[in-house]
S.K.: 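Supplied in structure tokens, the structure appears directly below.
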Number of protein chains: 2
Amino acid sequence: MTNIHDIAKLAGVSVSTVSRVLNNYKYVSEEKRLKVKQIIKELNYTPNNNAIDLIRGETKRIGVIIPYNNNQAFDQMLHGILNKSSELDFSVTVLPSKYNKKRELEYLAMLKSKQLDALIITSKANHWDKIIPFTQYGTIISCEYTEREEIGCAYVDRFASYLEVFQMLKQKGHQRIAFTTARGNESISTKQTINAYQNVIGEMYQKFHIGNCFCLEDGYKAAEILLNQKNRPTAIYANGDEVAGGIFQYCQYNKLQIPEEVAIVGQENQPIGEVLGITTVNHRLSALGAQAFELAVNRTLDKIEIPYEIIQRSST
Amino acid sequence: MTNIHDIAKLAGVSVSTVSRVLNNYKYVSEEKRLKVKQIIKELNYTPNNNAIDLIRGETKRIGVIIPYNNNQAFDQMLHGILNKSSELDFSVTVLPSKYNKKRELEYLAMLKSKQLDALIITSKANHWDKIIPFTQYGTIISCEYTEREEIGCAYVDRFASYLEVFQMLKQKGHQRIAFTTARGNESISTKQTINAYQNVIGEMYQKFHIGNCFCLEDGYKAAEILLNQKNRPTAIYANGDEVAGGIFQYCQYNKLQIPEEVAIVGQENQPIGEVLGITTVNHRLSALGAQAFELAVNRTLDKIEIPYEIIQRSST
DNA sequence: ATGAAAGCGCTAACAT
DNA sequence: ATGTTAGCGCTTTCAT
């Protein structure tokens, strides 16, 4: 492997001069600059980035913790992040956590071991108290709101969006409203959904909440359970358009009129929802990811809210 | 920043002993090992990975070049890769190319500058001749078949799958078959599709080929163009289930019976296709990605074929 | 404008 | 079993 010393020797200059040429410093005579460039080209030399990272103490690399890597919501965030990374000169390393606390901490430790300049947490398993200490080693940006001032965040006011959906449904005359969520009660968004439900509808009715819904099939099964109850719900708020699609499919298969017999609302404005005419809440997760990435690159700890929008379609 | 020397000094040993403890070497007395570990804990010390990467000459990091980061097909490959990366102890850096040749070469140069141990190319813009030279700096794995023996690949026999679809359609009595593709004629899969078409149907009829189709909306527009011709096609082979979904939507909106008036075939077995009952070709892109990742990690240049499957549904 | 030299933080060959 | 030391390949003072 040819290195900076080889170049220096062959160009008849010192390593510092080569380094200056490499980094476009001024104060190098045009003559030597040209000579060095020529040798570099001849030897097809490229500097070793690990040495540069070591000495500079930064890598221009940003990590993104993603719990599931086949989930629409996190995919959207990742898309936003990746788009932004093309513009800025940073590369992104994707870190799948599956909400494993230990693994998540290992990823955080990558800040400490200088492998990452910053870390974007799309969703976390550990408590903030476990995470905050790592902010001394690099910027940490969250895609969920937190008051902790050591953490920057790009977030959407999910509680407000949940509230609005339940209110909209109630206004349309629905009294028995069910909903699905991804993780169980340990997740913030599940808590917020339940909270919003109680706020608008009142007492929580356990049989109208199905957890662990991620994909189409989960939605289908959820619908099966929900709609086979004696006093079945007249509206279902799904935690994603794919899940909503599964519910839609179940209704279609069982000849349940939408929205007359069952109204459906999804989330994230996916093509599947568009094609089925499912009312949805667009949380603009791609824009959120892009914003998070900008915060990470600029090492800014601002709290930036991304506005959501409800898209009315024929399913409500 | 505390480093290995600090630990050595405080533990009353040499740096090599600390290094040995760090790397779980034998031949360290239990006494010193304990002492070192204690000091490490006390100082909350973590080795600087850049120094390790520099000296070892490898990073345990694999790059993945992805042309579009909001495309079902590439998303699936990425999912497969990411899943595999959780098992193996490698991290993955995602490199969005948008088929920009210069950018793609910059990514390849990351092998040379030691930022990456290996590179997975899901789809490329440059000619192999431009890419091959970089194989001397690291393993390069392609997700498309190539005869070049310097390149390992995990691939699906797309030509065979295209052939089979056209044959299946022909057998069902279709004579006017149209199809959509992503990129134009510069892409391999477009060429293969056309090739298969000619092989089964005969002379290529330009008006039955719509390029630049990526999403639902593109499919809708393609259907609009295709189905408004005097001698319109009776079957459309879409280059993805989302595009197929757009075609489906157009047909539904315009009261065209599926499959009686228009048969539709998609690709990649996405939820949207499942819910709409669209016949599809599952190219098992996720498995393909996982396989590519394994090849990359093991620095193996094998050519491994992933079998595809055709899933018959009500749209044909 | 240019070069010498001191690191950056670590591993590993060599010696003991 | 442990320590000494020479790098890995680069940047950056500090002289000149």
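FYI, side chains are in, hydrogens and waters are out, and symmetry mates aren't considered; it's all heavy atoms of this structure. Each chain gets a letter, A, B and so on, in the order the sequences are listed, and its residues count up from 1.
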S.K.: Over how many whole Å does the gap from B:Ile52 atom CD1 to D:dC10 atom P extend?
M.R.: 19 Å
S.K.: Of all the nucleotides listed (C:dC10, D:dG3, D:dT5), which has the minimum atom distance to the side chain of B:Lys32?
M.R.: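 Closest nucleotide to the B:Lys32 side chain: D:dG3.
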S.K.: Looking only at the side chain of B:Thr17 (C-beta and beyond, no hydrogens), which of the listed nucleotides C:dT2, D:dG3, D:dC10 gets closest?
M.R.: D:dG3
S.K.: If every non-hydrogen atom of B:Lys303 is compared with every non-hydrogen atom of B:Tyr155, which pair is closest and at what distance?
M.R.: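 In this case the closest contact between B:Lys303 and B:Tyr155 is C-CE2, 4.0 Å.
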S.K.: Roughly how many Å is it from CD1 in A:Ile4 to P in C:dT2, rounded to a whole number?
M.R.: 15 Å
S.K.: Could you state the CG-C1' distance from A:Asp6 to D:dC10, rounded to the nearest angstrom?
M.R.: 13 Å
S.K.: Does A:Asn23 reach the main-chain N or O of A:Tyr25 with its side chain, forming a donor-acceptor pair under 3.5 Å?
M.R.: no
S.K.: Nearest heavy atom decides the nucleotide; on that basis, is A:Val15 or A:Lys26 closer to the 5' end of DNA chain C?
M.R.: A:Lys26
S.K.: Among C:dT11, C:dG3, D:dT11, which is the nearest nucleotide to the side chain of A:Val13?
M.R.: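 The listed nucleotide nearest to A:Val13's side chain is C:dG3.
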S.K.: So what does A:Leu54 hit on the nucleic acid, given a heavy-atom distance under 4.0 Å: a base, only sugar-phosphate, or nothing?
M.R.: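 Result for A:Leu54 = base.
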S.K.: At under 4.0 Å, does any side-chain N or O of B:Asn23 touch on OP1 or OP2 of C:dT11?
M.R.: yes
S.K.: Could you give the CD1-to-C1' distance, from A:Ile7 to D:dG9, as a whole number of Å?
M.R.: 12 Å
S.K.: Please confirm whether the shortest side-chain N or O distance from B:Tyr27 to OP1 or OP2 of C:dT16 is below 4.0 Å.
M.R.: no
S.K.: In whole angstroms, how far is the P atom of C:dC8 from the CG atom of B:Asn50?
M.R.: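 Atom-to-atom, B:Asn50 to C:dC8, this comes out as 15 Å.
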S.K.: Can you tell me which nucleotide in C:dT2, D:dT2, C:dA12 comes closest to the side chain of B:Arg56?
M.R.: C:dA12
S.K.: Quick check on C:dG9: is either OP1 or OP2 less than 4.0 Å from any side-chain nitrogen or oxygen of B:Asn3?
M.R.: yes
S.K.: Side chain of A:Val28 only, heavy atoms from C-beta on: which candidate in C:dG9, C:dT2, D:dT4 is closest?
M.R.: C:dT2
S.K.: Regarding A:Lys124 and A:Glu104, does a basic nitrogen lie under 4.0 Å from an acidic carboxylate oxygen?
M.R.: no
S.K.: Does a side chain donor of either B:Asp117 or B:Thr59 reach within less than 3.5 Å of an acceptor in the other side chain?
M.R.: yes
S.K.: When you look at CD of B:Glu147, are more than 12 heavy atoms from neighbouring residues, nucleotides or ligands closer to it than 6.0 Å?
M.R.: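 Count not over threshold, so no.
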S.K.: Check every strand shown and say whether B:Arg20 touches a base, only sugar-phosphate, or nothing at a heavy-atom separation below 4.0 Å.
M.R.: base
S.K.: Round to the nearest Å and state the distance from B:Tyr45 atom OH to C:dG9 atom P.
M.R.: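 Those two atoms, OH and P, are 9 Å apart.
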S.K.: Ignoring hydrogens and angles, answer whether the base of C:dA4 and the side-chain atoms of A:Ser16 contain a donor-acceptor pair closer than 3.5 Å.
M.R.: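 Yes, the side chain and the base share a sub-3.5 Å donor-acceptor pair.
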S.K.: To the side chain of A:Ile55, which of C:dG7, C:dA1, C:dT11 is closest?
M.R.: C:dG7
S.K.: I want to check one thing: is the phosphate of D:dC10, taken as OP1 and OP2, less than 4.0 Å away from some side-chain N or O of A:Ser19?
M.R.: no
